[in-house]
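One is the number of the first residue; the rest follow in order along the sequence.
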Amino acid sequence: MADIGTSQPKHIAIIMDGNGRWAKQRNQPRFMGHRAGVKAVENIVRVCAEKQLEVLSLFAFSSENWRRPEKEVSLLMDLFKLALKQQAKRLHKNNIRLRVIGDMSQFSISLQKQIVDAQTLTQDNTGMTLVVAANYGGRWDLTQAMQQLATDVAEGAFPASDISEQMISERLSIADLPEPDLFIRTGGEQRISNFLLWQLAYAEFYFTDTLWPDFDGAELAKATHSFTARERRFGRTSEQLIEDDANA
Ligand code: IPE
Ligand code: IPE
Ligand code: MG
């Protein structure tokens with residue numbers, strides 16, 4: 001398989017949506033859709049790692065998803081635990097580093113322990129970084145960064161007027177990783193649902209009607225082809241980019 005070159009994304013962030021509708025289409029309970037969704041995760045992680053992607057971020061559970069029926073929430077938690085238990089060793093074997101982002105304090109102690117253990121097991125791996133956003137919200141992330149900054153200011157570390165974009169970025173959950181350059185949302189909705197708000201400032205957005213359990217390597221290839229065909233101008237003009245290219 002060909003390696004991902006310079007024009008390929010380094011960091012793909014995905015909102016995995018459509019599990020419930022996938023199950024409904026089959027007259028199955030929503031839970032079956034989530035189970036099929038976990039299979040799709042395993043496959044996409046493998047495909048991305050093989051393609052030597054640097055970072056894959058997956059939105060697994062949002063800070064708003066607690067609003068779902070209690071039974072669905074508890075089934076999702078069970079599934080998360082099971083997936084961690086079954087997959088941690090496999091991730092490690094494949095040299096993948098796992099990072100879980102979000103407010104862990106809302107999770108059961110046993111789930112928190114499993115997360116810490118899986119992260120510790122894989123922390124020195126040098127292949128792809130897999131970021132799983134669980135009880136994550138972009139606003140939560142920004143809020144906790146602001147709290148850190150406010151504490152520093154109150155302790156006299158620096159005046160509030162010194163706060164810069166970089167200082168905010170540095171305090172966000174995945175500050176040490178490249179920002180997502182390709183954002184994918186499956187399941188037909190075209191919204192960000194409080195995912196990585198700050199970090200997606202310059203990402204290319206790709207939406208597909210494909211429901212998450214059906215999202216496979218071929219679907220991912222469509223998204224990356226769309227990405228490579230785009231011109232990323234970062235505020236500059238097309239002519240400037242062509243000039244830069246000629247001088248490179
Ligand atoms: C995404 O699928 C999975 C989670 C939010 C955990 P949904 O469960 O939102 O599926 P739809 O949108 O109802 O089809
Ligand atoms: C977003 O999906 C969150 C995850 C995929 C984990 P939702 O299905 O919860 O999003 P909304 O509520 O339709 O915006
Ligand atoms: Mg949904």
Checklist line | Between Ser62 and Asn65, a side-chain donor and acceptor under 3.5 Å | finding: yes
Check: For Thr208 and Lys222, does a side-chain donor sit closer than 3.5 Å to a side-chain acceptor?
Finding: no
Item checked: Donor-acceptor side-chain pairing of Ser238 and Glu231 below 3.5 angstrom -> yes
Note to self: Are the side chains of Leu149 and Phe158 in contact, using a 4.5 Å heavy-atom criterion?
What the structure shows: yes
Checklist line | Validation row: Thr224, Ile12 side chains within 4.5 angstrom (heavy atoms) | finding: yes
Notebook entry, point to check: Roughly how far apart are Trp198 CH2 and Ile168 CD1, rounded to 0.5 Å?
Noted result: 4.0 Å
Check: Donor-acceptor pair, Arg26 side chain versus Trp22 backbone, under 3.5 Å?
Finding: yes
Notebook entry, point to check: Do the non-hydrogen side-chain atoms of Arg30 and Lys24 ever get within less than 4.5 Å of each other?
Noted result: no
Check: Strictly by modelled atom types, are Asn19 and His34 linked by a side-chain donor-acceptor pair under 3.5 Å?
Finding: yes
Notebook entry, point to check: Given Thr122 and Arg99, is the side chain to side chain donor-acceptor pair (under 3.5 Å) satisfied, shown in steps?
Noted result: CA-CA 9 Å; Thr122 61; Arg99 290 273 294 274; over 6 Å; no
Margin query: Parallel, tilted or perpendicular, judged at 30° and 60°: which one describes the rings of Phe195 and Phe183?
Written below: tilted
Item checked: Side-chain donor or acceptor of His11 paired with backbone N/O of Asp181 under 3.5 Å -> no
Next item on the list: Could you tell me whether Arg90 atom CZ has more than 12 heavy atoms of other residues or ligands within 6.0 Å of it?
Entry: yes
Margin query: For the residue pair Ser173 / Asp141, report whether a side-chain donor-acceptor contact shorter than 3.5 Å exists.
Written below: yes
Checklist line | Candidate pair Arg191 and Asp17, rule salt bridge (charged side-chain N to carboxylate O under 4.0 Å, His left out), full reasoning | finding: CA-CA 11 Å; Arg191 53 178 174 252; Asp17 198 15; 5.5 Å; no
Notebook entry, point to check: Do we see a donor-acceptor contact under 3.5 Å between the side chains of Thr129 and Arg97?
Noted result: yes
Notebook entry, point to check: Hey, what do you get for CD (Gln8) to NZ (Lys51), rounding to the nearest 0.5 Å?
Noted result: 7.5 Å
Check: Counting heavy atoms not belonging to Arg68, are there more than 12 under 6.0 Å from its CZ?
Finding: yes
Item checked: Val132 and Leu98, any side-chain heavy atoms less than 4.5 Å apart -> yes
Item checked: Side-chain donor-acceptor contact under 3.5 Å, Thr143 with Arg139 -> no
Check: Going by the angle between their ring planes, with limits at 30° and 60°, are Trp66 and Phe61 parallel, tilted or perpendicular?
Finding: perpendicular
Check: Do the side chains of Ile184 and Leu220 get nearer than 4.5 Å, heavy atoms only?
Finding: yes
Next item on the list: Run the ring-centre check on Tyr202 versus Phe234 and record whether the distance is less than 6.0 Å.
Entry: yes
Check: Parallel, tilted or perpendicular: which fits the ring planes of Trp212 and Phe215, with parallel below 30° and perpendicular above 60°?
Finding: parallel
Margin query: Please determine whether a side-chain nitrogen of the Lys or Arg among Arg21 and Glu189 lies less than 4.0 Å from a carboxylate oxygen of the Asp or Glu.
Written below: yes
Check: With a 4.5 Å limit on heavy-atom distance, are the side chains of Leu111 and Leu84 in contact?
Finding: yes
Margin query: Any side-chain to backbone donor/acceptor pair from Gln190 onto Phe207? Under 3.5 Å, distance only.
Written below: no
Margin query: Quick test of your reading of the model: are Arg46 and Glu42 salt-bridged, counting only N-O distances below 4.0 Å?
Written below: no
Next item on the list: Find out whether Met128 and Cys48 are in side-chain contact, i.e. whether some heavy atom of one side chain is under 4.5 Å from a heavy atom of the other.
Entry: yes
